[in-house]
Every structure is written in structure tokens, then in C-alpha cells.
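Heads up: numbering here begins at 1 and tracks the sequence. Keep in mind that the numbers below use all heavy atoms, side chains included, and drop hydrogens, waters and symmetry copies.
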Amino acid sequence: MTARRHNGVTATPPAPKPSKYTLLLDQDDALALDELALQMRREAGRPVDKAEMMRLLIRLARDHVEVSAFLSRRVRRD
């Protein structure tokens with residue numbers, strides 16, 4: 001149930017605190033991530049940080065069975 005304030009405005013619950021992760025990349029993957037971030041910034045016309053990109057990639061894999069299947073095949077192969 002969403003809480004209502006006395007003035008009729010719906011109170012927005014606070015966002016959950018994000019978890020912090022460390023990601024170790026080899027030199028080629030780090031360069032690829034930097035290049036992708038630059039491309040996304042140019043296309044979006046605004047700053048796009050690497051954490052935002054990683055969140056979007058995670059959601060892409062979670063929400064699209066073909067991406068998840070591709071990742072599963074690569075993990076089994078490597």
C-alpha cells in the first residue's frame with residue numbers, strides 16, 4: 001500500500017541502497033568498455049557512466065532469453 005500524505009500527495013518510498021561491486025577486467029575488455037561508454041555518451045547526448053551501462057547489460061541478459069542463452073553457451077565453452 002502506498003502512503004498518502006495529509007496534503008494528498010503520494011509519498012515515494014526511498015530507493016533501496018545499491019550494492020557495490022568490484023569488476024576486474026583485462027586490458028582489452030577495459031578498453032572496449034571505455035569505447036562503448038564514449039559511444040553511448042555521444043549517442044545519448046549526455047554523460048553515461050560505466051555503472052549505468054553495466055546495470056543495463058545485466059537487465060538485458062535477465063530480460064532477453066537469447067542473450068542469457070548466449071552467455072550460458074559462452075560460459076560453458078570457456
Task: Over all atoms of both residues, closest heavy-atom pair of S68 and A61 - done: CB-O, 3.4 Å

Task: Interatomic distance, L38 atom CG to E43 atom CD [nearest 0.5 angstrom] - done: 10.0 Å

Open item on the list: For residues 21-38, which residue pairs pass the salt bridge (Lys or Arg N to Asp or Glu O under 4.0 Å) check, not counting sequence neighbours?
Closed with: D34-K50

TODO: State the CZ-OG distance between R77 and S72, to the nearest 0.5 angstrom.
DONE: 13.0 Å

TODO: For the pair R41 (side chain) and V48 (backbone), establish whether a donor and an acceptor sit closer than 3.5 Å, ignoring hydrogens and angles.
DONE: yes

- [ ] Enter the distance from M54:CE to L23:CG here, rounded to the nearest 0.5 Å.
- [x] 5.0 Å

Open item on the list: Are L31 and M53 connected into the same hydrophobic cluster when the rule is that any two of I, L, V, M, F, W, Y join if their side-chain heavy atoms are below 4.5 Å apart?
Closed with: no

- [ ] Kindly compute the distance separating CZ (R46) from CE (M40), expressed to the nearest 0.5 Å.
- [x] 11.0 Å

TODO: Report yes if the side chains of F70 and E66 come closer than 4.5 Å at any heavy-atom pair, otherwise no.
DONE: no

- [ ] Start with the C-alpha distance between E52 and R55, add both sets of side-chain angles, then the distance that settles side-chain contact (heavy atoms from CB on, under 4.5 Å), and finish with yes or no.
- [x] CA-CA 5 Å; E52 179 181 3; R55 287 189 299 272; 3.5 Å; yes

